S.K.: 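I have a structure I would like to understand better, so I am pasting it below and will then ask my questions one at a time.
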Amino acid sequence: AFDVLNSRILNYHKKDGVVFFGENTIFVDVDVQIESGAIVYPNNILKGQSYIGKNVVLESGNYIADSAICDGVTVCQSYIKNSVVEKKKKIGPFEKLINVKV
């Protein structure tokens with residue numbers, strides 16, 4: 001049941017112009033909002049009330065929960081929880097952001 005739900009969530013976002021690579025390794029909660037033009041590479045987990053802005057690149061290996069990733073940001077192999085990443089920043093590799101605004 002989990003695989004079916006995750007597949008439906010990914011298909012919903014793909015219709016809005018989000019690109020996923022390695023879909024079987026990407027997990028997106030139902031409440032996550034992803035804007036068009038975002039690219040999500042393998043091994044990403046997007047949880048809770050997260051927002052992924054336009055033209056965001058999520059390189060492999062990120063965990064993002066209850067956070068806002070604004071337009072044009074690139075995130076690489078990082079852990080982000082309860083945080084806001086402002087426009088056009090580059091995060092990672094190996095960043096750990098908890099309860100911050102950068």
Side-chain angles (χ1 to χ4, degrees):
F2 175 80
D3 290 338
V4 172
L5 178 60
N6 194 59
S7 178
R8 288 181 182 170
I9 292 168
L10 295 181
N11 286 333
Y12 169 81
H13 290 297
K14 286 194 291 188
K15 289 179 186 174
D16 287 342
V18 178
V19 177
F20 295 101
F21 294 106
E23 291 180 25
N24 60 335
T25 65
I26 298 169
F27 302 99
V28 179
D29 275 352
V30 70
D31 291 330
V32 174
Q33 181 181 353
I34 307 174
E35 298 289 343
S36 65
I39 300 172
V40 183
Y41 285 94
N43 300 314
N44 274 284
I45 299 172
L46 309 176
K47 297 184 62 90
Q49 300 285 325
S50 291
Y51 169 80
I52 308 299
K54 292 182 180 181
N55 302 315
V56 167
V57 176
L58 298 179
E59 295 180 7
S60 295
N62 297 300
Y63 177 92
I64 299 171
D66 299 311
S67 296
I69 310 299
C70 296
D71 298 349
V73 170
T74 299
V75 183
C76 176
Q77 297 177 336
S78 296
Y79 179 93
I80 302 173
K81 185 172 182 181
N82 299 322
S83 296
V84 175
V85 179
E86 295 180 338
K87 292 182 179 181
K88 298 184 180 180
K89 301 268 183 176
K90 181 166 172 99
I91 303 297
F94 313 119
E95 294 279 343
K96 186 174 186 179
L97 305 177
I98 301 173
N99 300 320
V100 296
K101 182 175 181 179
V102 290

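Predicted model, so just to flag it, every value in this text is computed and none were measured. Numbering starts at 1 and runs along the sequence shown.
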S.K.: Any link between Val32 and Val19 through a network of hydrophobic side chains (Ile, Leu, Val, Met, Phe, Trp, Tyr) touching at under 4.5 Å?
M.R.: no

S.K.: In sequence, state the C-alpha distance, the side-chain angles, and the governing distance for Asn43 and Tyr41, and then conclude on side-chain contact (heavy atoms from CB on, under 4.5 Å).
M.R.: CA-CA 7 Å; Asn43 300 314; Tyr41 285 94; over 6 Å; no

S.K.: Answer yes or no: is there a donor N or O on one side and an acceptor on the other, between the side chain of Ser50 and the main chain of Ser67, under 3.5 Å?
M.R.: yes

S.K.: Would you tell me whether Asn55 and Asp71 have side-chain atoms, one donor and one acceptor, within less than 3.5 Å of each other?
M.R.: no

S.K.: Checking Leu46 against Tyr63 for the side-chain contact (heavy atoms from CB on, under 4.5 Å) test, could you report, in this order, the C-alpha distance in whole Å, the side-chain angles of both residues, the deciding distance, and whether it holds?
M.R.: CA-CA 6 Å; Leu46 309 176; Tyr63 177 92; over 6 Å; no

S.K.: Keeping the roles fixed (side chain from Asn6, backbone from Val28), state whether a donor-acceptor pair exists under 3.5 Å.
M.R.: yes

S.K.: Are side-chain heavy atoms of Phe2 and Val4 found at a separation under 4.5 Å?
M.R.: no

S.K.: Could you tell me if the side chain of Ile34 sits less than 4.5 Å from the side chain of Phe20, heavy atoms only?
M.R.: yes

S.K.: Grouping I, L, V, M, F, W and Y whenever their side-chain heavy atoms are under 4.5 Å apart, do Val102 and Val73 come out in a common cluster?
M.R.: yes

S.K.: Have Asp31 and Gln49 got a donor and an acceptor in their side chains that come within less than 3.5 Å?
M.R.: yes

S.K.: Could you report the tightest heavy-atom contact between Ser60 and Gln77, atom names first, then the distance?
M.R.: O-CG, 3.1 Å

S.K.: Any sub-3.5 Å donor-acceptor pair from Asn44's side-chain atoms to Glu59's backbone N or O?
M.R.: yes

S.K.: Strictly under 6.0 Å, is that where the ring centroids of Phe94 and Tyr79 end up?
M.R.: no

S.K.: So which heavy atom on Glu86 is nearest to which on Lys89, and how close?
M.R.: O-CG, 3.0 Å

S.K.: When rounded to the nearest 0.5 angstrom, what distance separates NZ in Lys96 from OG in Ser78?
M.R.: 11.5 Å

S.K.: Look up atom CD1 in Ile64 and atom OG in Ser83, then write down how far apart they are to the nearest 0.5 Å.
M.R.: 10.0 Å

S.K.: For Lys81, is there any backbone N or O sitting under 3.5 Å from a side-chain donor or acceptor partner on Asp66?
M.R.: no

S.K.: Does the side chain of Tyr12 reach to within under 4.5 Å of the side chain of Leu10, using non-hydrogen atoms?
M.R.: no

S.K.: Could you pull out the closest heavy-atom pair between Gly53 and Ala38, with the gap in Å?
M.R.: O-CB, 4.0 Å

S.K.: Using modelled atom types and a 3.5 Å cut-off, is there a donor and acceptor pairing between side-chain atoms of Ser36 and backbone atoms of Gly17?
M.R.: no

S.K.: Donor-acceptor check, side chain of Asp16 to backbone of His13, threshold 3.5 angstrom: yes or no?
M.R.: no

S.K.: Report yes or no: do Val30 and Val18 belong to one cluster of Ile/Leu/Val/Met/Phe/Trp/Tyr joined by side chain heavy-atom distances under 4.5 Å?
M.R.: yes

S.K.: Donor-acceptor check, side chain of Thr74 to backbone of Lys90, threshold 3.5 angstrom: yes or no?
M.R.: no

S.K.: If I take atom CD1 from residue Ile80 and atom CD1 from residue Ile98, how far apart are they, to the nearest 0.5 angstrom?
M.R.: 10.5 Å

S.K.: Looking at side-chain heavy atoms only, is the closest gap between Val75 and Val85 below 4.5 Å?
M.R.: no

S.K.: Enter the distance from Ser7:OG to Glu23:CD here, rounded to the nearest 0.5 Å.
M.R.: 7.0 Å

S.K.: Return the NZ to CZ distance between Lys47 and Phe27, rounded to the nearest 0.5 Å.
M.R.: 10.5 Å

S.K.: Is there a side-chain contact (heavy atoms from CB on, under 4.5 Å) between Ile91 and Leu97 once you walk through the steps?
M.R.: CA-CA 9 Å; Ile91 303 297; Leu97 305 177; 4.0 Å; yes

